[in-house]
2 protein chains.
Amino acid sequence: METTVGIETGQSRPAPTLEMVAALAGVSRATVSRVVNGSTSVAPELAQSVEQAVRALNYVPNRAARTLASRRTYTITLLVPESTSKVFADPFFATVVEGVAKYLNSTEYMLNMVTSSEADPGKTQRYLMGGNVDGVLVVSHHSGDHSWEHLNDALPIVFAGRPLLNASDSYYVEVDNEEGALAAVQRLITTGRRNIATIAGPQDMPPGVDRLAGWRSGLAAAGLDDALVEYGDFTVASGEAAMRRLLARGKPLDGLFAANDQMAAGAHAVIQEHGLRIPEDIAVVGFDDDLFATSVSPALTTVHHPISDLGEKMAHMLVELIEGRPAHRVCRLPTSLVVRDSA
Amino acid sequence: METTVGIETGQSRPAPTLEMVAALAGVSRATVSRVVNGSTSVAPELAQSVEQAVRALNYVPNRAARTLASRRTYTITLLVPESTSKVFADPFFATVVEGVAKYLNSTEYMLNMVTSSEADPGKTQRYLMGGNVDGVLVVSHHSGDHSWEHLNDALPIVFAGRPLLNASDSYYVEVDNEEGALAAVQRLITTGRRNIATIAGPQDMPPGVDRLAGWRSGLAAAGLDDALVEYGDFTVASGEAAMRRLLARGKPLDGLFAANDQMAAGAHAVIQEHGLRIPEDIAVVGFDDDLFATSVSPALTTVHHPISDLGEKMAHMLVELIEGRPAHRVCRLPTSLVVRDSA
DNA sequence: TTGTATGCGTTATCAT
DNA sequence: ATGATAACGCATACAA
């Protein structure tokens, strides 16, 4: 009589396969596959015993095998053209990811983030083209960078933000910047302001352009002058500088629309440093409704930027594209005015 | 004569396969595989023509097929037991990820983050057990939470931080909290302080325990009294409250070690609010060297927590484990004192 | 409705 | 050193 001594390898026993489930349930592998994938055409009683076997064996489909057989990966990549550290430092990305994850959780897709700038760019490229991914979400903050557009005929892609050029070629979702800026100006006008300035964003970024346009159209509709424009680059420091220039002009000024909250925060400081009151002397409205809006005093009246919704919608569009359903090429998300104390 | 009209499907042509490369190079698939995977035993001239074919076709191996055949995924998961939004909001995670990514970029492994709390926890579990991943990195901030330890006999795991219990069972890397706290106290003593208090962290978290122990041993070595202890929970508010209690004792107090920078920041405010000067009246040293250390005035002398290194080391250990090389069960990272203005 | 058989693109085990 | 050929675990067209 022989004795076999089990060797403890530290490795767990191999994962159960479709075939094992089939054996235990007394059906064919095809039937198990159908049950697992929720096919309608399977007899209830068979389905029962299959499900039972699945639970008994704690079966979970092998992703690689499934991918190989079905030519679908059920994976989508969030591509961020920034360094890892920057991505995490920026609350904007955080919120986009949150929205994307929220939508994806209702689907079978997995999310998979890759920051492109680090390492060799070719690695990212090869990964995306290597059939490891069903679709790509590209998020670059304000810039509307569509430099990955060439991937478009290899993979469905949805961008965050309208591209600066070639808007007709790609799918994207953006917030309605112009409408938001318009609402901001209207708030200023409604509260009795007549001399309304703006600190605009860079004019090589779509949000910069659109928010300025919204400000202009609001003024035009009310027959007001649109001479009071200064430009910043969306940073606090640039907001301060722009506000100084505005004040230095010596013109009447009782209202300000800043193209984002950071620049509004910069303006806040300068206004108060000049001994002027907010909102009594100068009312100010920002854009984005981010951390800066509430960390400043008085709290900023601002245009809410639905960032999480943006992520959600991007994911939604991409999944539609992947599954071959028709999708609108562009989705423009509505904004809403958040009234606080500064206007 | 018939005419076939090409239908534009919008789909790109199928990716080149190993077989196509083999055909073009005039060798067998096995040889191509060997070249692609850097096998030594292949004739230089054949290798040449294979590489040429690879470039010509822009061949990139199919990950799913490779995984299926080799039973290796070359993917590791960073598991974060927090909500997505929390993860991104916390600079600690950001920096860990940075370190992990840095190391992994020198390898063939891909990183793949999953935040566990959202959605159903079972989904995460099934994903990890489903053979989609070669190993797992678990990061939970201060807590030393090892609740995923049961995965250990299914998958290699490396934790961030020592577990509260069962330290002998799992692989982890931690910063040397005790040594760091000791250095902080020594700094205080070196600059002439004799009545040194501490605001300790929660005693159900390893860092809270170890930093308190470090403070105690520093005091003991110098024959100083260790009665001045108050506890906080690593938040700014708790630091303020603890400082108030310390001051309310009415005992002499000319030095303070706070178990993290946030609590130190809280203490800062309270000390100054009492009309006391830093460091003249009370010198303070923090721990972590994070944003709070420099956002406070005077800037905080503090113990540098090498978070990026932690991520790097974790990834390194995990890869060693995965590849079957021996690895030390625990890695303790050294700290360093960053001298600024508060002590 | 259910089962059979083939193929997905690699790696790996054999011969040669 | 190189080439057949058999897995790998699943999906799916086709047959029954």
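Each chain gets a letter, A, B and so on, in the order its sequence line appears, and its residues count up from 1.
- The residue among E19(A) and A43(B) whose nearest nucleotide of DNA chain D lies closer to the 5′ end is A43(B).
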Problem set entry | CA sep, side-chain torsions, deciding dist, call: V27(B), V35(B), side-chain contact (heavy atoms from CB on, under 4.5 Å) | CA-CA 11 Å; V27(B) 299; V35(B) 173; over 6 Å; no

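- Here D309(B) contributes atom CG and E98(B) contributes atom CD; the two are 10.5 Å apart, rounded to the nearest 0.5 Å.
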For this session: Show your reasoning for whether side-chain contact (heavy atoms from CB on, under 4.5 Å) applies to E323(A) and R72(A).
Result: CA-CA 10 Å; E323(A) 315 217 318; R72(A) 313 247 341 242; 3.9 Å; yes

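- Look at CG on L18(B): it is 15 Å from C1' on dA4(D), rounded to the nearest Å.
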For this session: Begin from the C-alpha positions of Y59(A) and L18(A) and carry the test side-chain contact (heavy atoms from CB on, under 4.5 Å) through to its verdict.
Result: CA-CA 8 Å; Y59(A) 168 76; L18(A) 231 189; 3.7 Å; yes

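- Rounded to a whole Å, the CG atom of N37(B) is 9 Å from the C1' atom of dT10(C).
- M314(A) is listed as a side-chain neighbour of L310(A), based on a closest heavy-atom distance under 4.5 Å.
- If you check residues 61-77 of chain B against DNA chain C, the residues with a heavy atom closer than 4.0 Å are P61(B), N62(B), A65(B), R66(B), A69(B), S70(B), listed by number.
- With R162(B) contributing its side chain and V330(B) its backbone, the two residues share no donor-acceptor pair below 3.5 Å.
- Within residues 24-32 of chain B, the residues approached by DNA chain D to less than 4.0 Å at the level of any non-hydrogen atom are V27(B), S28(B), R29(B), A30(B), T31(B), in residue-number order.
- With respect to D134(A), the side chain to side chain donor-acceptor pair (under 3.5 Å) criterion is satisfied by exactly one of T73(A), T67(A), T77(A): T73(A).
- Atoms CD (E45(A)) and C1' (dT2(C)) sit 12 Å apart, rounded to a whole Å.
- Atom CZ in R34(A) sits about 10 Å away from atom P in dT1(C), given to the nearest Å.
- Using a 30° and 60° split on the angle between ring planes, Y103(B) and H316(B) fall in the perpendicular class, above 60°.
- Nearer the 5' end of DNA chain D, as judged by each residue's closest nucleotide, is the contact made by S41(B), out of S41(B) and T17(A).
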